[in-house]
Amino acid sequence: MATRDIYTTAFDGDVQTTATDCPDCGGSVRTTDRETVCEDCGLILEDTQLDRGPDWVRRDEQGSKRRTGAPLTPTRHDRGLSTEIGYKRDANGNTLSSTKRRHLNRLRREQSRARWQSKAERNLAYGLSEIRRIVASLGLAQSIRNQACSLFRTAQSEQLCRGRSLEAVAAASVYATSRCNGLGRSRAEVTASARCDQNRLTNAYTVMNVELELPTQPVKATDWIPRLAAKLEVPDHVRRRALELAQQARERGVTIGCRPSGVAAGCLYLAAQRVGLCLSQQRIADIAGTSPTTLRSRRDDLLDITT
DNA sequence: ACGATTATTGCGTTCTT
DNA sequence: AAGAAAACAATAATCGT
């Protein structure tokens, strides 16, 4: 961590990976000073929202601390640099005279006009707040939110908002970030939290993907497994076995051309069966959004490579 | 609930014009 | 080269046990 130039608070510096597992999907858990988040499913486990001290410190290459302002954040349209003009009291806590107060009121009015310099800036602020809303609704991590916000900025500066609703671009930013991080959130899930229909989200996502050349990876079966396992409430070792199976299937090249949801369903079914846990094919298939037939078919493929 | 069989659909290839 | 057609694989529906 010393090599990376990161902003941390004065009290709680380093990012640590704890030994505990995500209770939801059993994945490994990463704890920062702000939140505890599962690396597999992207779910926030603890979000303290505690600002531990206003004393922001920046570590330079030598590791020594230097005072700076608060870290820049991509989630505010002005990157958190805006100035708020307060009411009632001055910097020393004394009340203000009426003339002084009128003066400040005028200043505040002018400043709030100046803050929204252009329509683009207003749109940006709206888009970012929309992203914050969607990310919170999906329970995703702060790092994902920041990535999505950065993506939105890029999309806007590349003129990708023209002819598209800001809601769609915002939702697409979240979905794209989820895809790039292999979080396994489906388009339908993001749409459910978004204020646009799925077609618009798809359209915005496709355009962003092409124009911005996002590092999108194909959805893998392993992306599905943590969340499926969580919904099925299977024990950890079953989830792990299923992940191993999916990994093997991927390496061996079977299941190429098969839908990842079907592969994941087959992996979980077989993994559960191997430890003597009886899960109904129908139930897994329903949760995975596939059919028992497909599940069986994938399971048979897995049987071919593991025996 | 599971397996087997059959129907459908999407897609890349091949054949035709 | 553009479109039509036979062919294949994956998935889904249905039936039988």
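Note on naming: letters A, B, ... go to the chains in the order of the sequence lines (proteins, then strands), and numbering restarts at 1 for each one. All values reported here derive from a predicted model rather than from experimental measurement.
- Using a cutoff of 4.0 Å between basic side-chain nitrogens and carboxylate oxygens, D286(A) and R283(A) are not scored as salt-bridged.
- When the P atom of dA9(C) is taken as reference, atom CG of D301(A) falls 12 Å away, rounded to whole Å.
- In this entry the distance linking CG of D300(A) with P of dG3(B) reads 8 Å, nearest Å.
- Of the candidate nucleotides dA1(B), dG3(B), dA12(C), dA12(C) has the atom nearest to the side chain of R259(A).
- Look at CG on L295(A): it is 14 Å from P on dA4(B), rounded to the nearest Å.
- Between dT14(C), dG3(B), dA1(B), one nucleotide has an atom nearer to the side chain of S280(A) than all others, and that is dA1(B).
- Across all their heavy atoms, I134(A) and S193(A) have their closest contact at CG1-O, 3.8 Å.
- Among the heavy atoms of the strands lying under 4.0 Å from R296(A) is at least one base atom, whether or not backbone atoms are also near.
- With dA1(B), dA12(C), dT11(C) as the choices, the nucleotide that has an atom nearest any side-chain atom of C258(A) turns out to be dT11(C).
- Here R298(A) lies in heavy-atom contact (under 4.0 Å) with sugar-phosphate atoms only.
- Residue S291(A) is in base contact, counting any heavy-atom pair closer than 4.0 Å across all strands shown.
- Distance alone, capped at 3.5 Å, is enough to place a donor-acceptor pair between the D197(A) side chain and the N199(A) backbone.
- E158(A) meets the salt bridge (Lys or Arg N to Asp or Glu O under 4.0 Å) test with no other residue; sequence neighbours excluded.
- One can place CG of L277(A) at 15 Å from C1' of dA1(B), the figure rounded to the nearest angstrom.
- No hydrogens or angles were tested; on distance alone, nothing pairs the side chain of T290(A) with the base of dA12(C) as donor and acceptor under 3.5 Å.
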